[in-house]
*Asks:* 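A single structure is presented below for examination.
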Amino acid sequence: MITRGLDDGAAADAAERLRSAIAQIAGGFSEHPDIRISASIGLTGWRFGEGLDDALLRADAACYEAKNTGRNRVRRAA
């Protein structure tokens, strides 16, 4: 998740609301009602003057950190 125009707190709140909403999806698959969906989200802000590739690399690294530290969580890039 890349944000622009949100401070760190607002961006983290938005990412957490998205993660929570995804986790609330229950029985979304009629043939497999016991399947639960979760999301690991890597969050970064778009820095002035930087290219999209750099922002995506940071968000991707934060996403892998979220997955590697237990999944179903939000991690902000350094």
Side-chain angles (χ1 to χ4, degrees):
M1 182 173 183
I2 300 173
T3 63
R4 184 175 180 184
L6 296 177
D7 64 32
D8 285 348
D13 289 345
E16 181 57 32
R17 284 193 311 273
L18 175 60
R19 187 213 56 78
S20 181
I22 291 169
Q24 295 296 322
I25 298 171
F29 305 97
S30 60
E31 60 277 357
H32 301 287
D34 57 334
I35 291 178
R36 299 291 182 247
I37 300 171
S38 66
S40 298
I41 298 175
L43 174 66
T44 191
W46 193 312
R47 297 175 183 165
F48 181 77
E50 91 175 324
L52 178 61
D53 288 344
D54 291 331
L56 287 174
L57 286 172
R58 268 195 329 280
D60 190 52
C63 184
Y64 277 100
E65 181 183 339
K67 290 178 181 189
N68 291 331
T69 57
R71 300 182 180 264
N72 197 32
R73 60 191 65 217
V74 174
R75 285 291 180 255
R76 186 177 305 157

*Asks:* To the nearest 0.5 angstrom, please state how far the CG atom of D13 sits from the CG atom of D7.
*Replies:* 8.5 Å

*Asks:* Which residues satisfy the side chain to side chain contact (heavy atoms under 4.5 Å, CB included) test with I2, sequence neighbours excluded?
*Replies:* T44, W46, L52, A55, L56, A59

*Asks:* If you take all heavy atoms of L43 and A15, which pair is closest and at what distance?
*Replies:* CD2-CB, 4.4 Å

*Asks:* Applying side-chain hydrogen bond (donor to acceptor under 3.5 Å, both in side chains) as the test, list every pair that has at least one member in residues 61-73; sequence neighbours left out.
*Replies:*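 Those involving residues 61-73 are R19-N72.
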
*Asks:* Do I25 and I41 land in one hydrophobic cluster if side-chain heavy atoms of ILVMFWY residues count as linked below 4.5 Å?
*Replies:*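 Yes, one cluster joins them.
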
*Asks:* Count I, L, V, M, F, W, Y as connected when their side-chain heavy atoms are under 4.5 Å apart, and connections chain through other members. Are L6 and L18 then in the same cluster?
*Replies:*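 In one cluster with L6: L18, no.
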
*Asks:* Which residues pass the salt bridge (charged side-chain N to carboxylate O under 4.0 Å, His left out) test with R76, not counting sequence neighbours?
*Replies:* none

*Asks:* Using every non-hydrogen atom in the two residues, find where S40 and C63 come nearest and quote the distance to one decimal.
*Replies:* O-SG, 3.4 Å

*Asks:* Which pair of heavy atoms, one from A62 and one from A77, lies closest together, and at what distance?
*Replies:*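 Where A62 meets A77 most closely, the heavy atoms are CB-N, 3.7 Å.
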
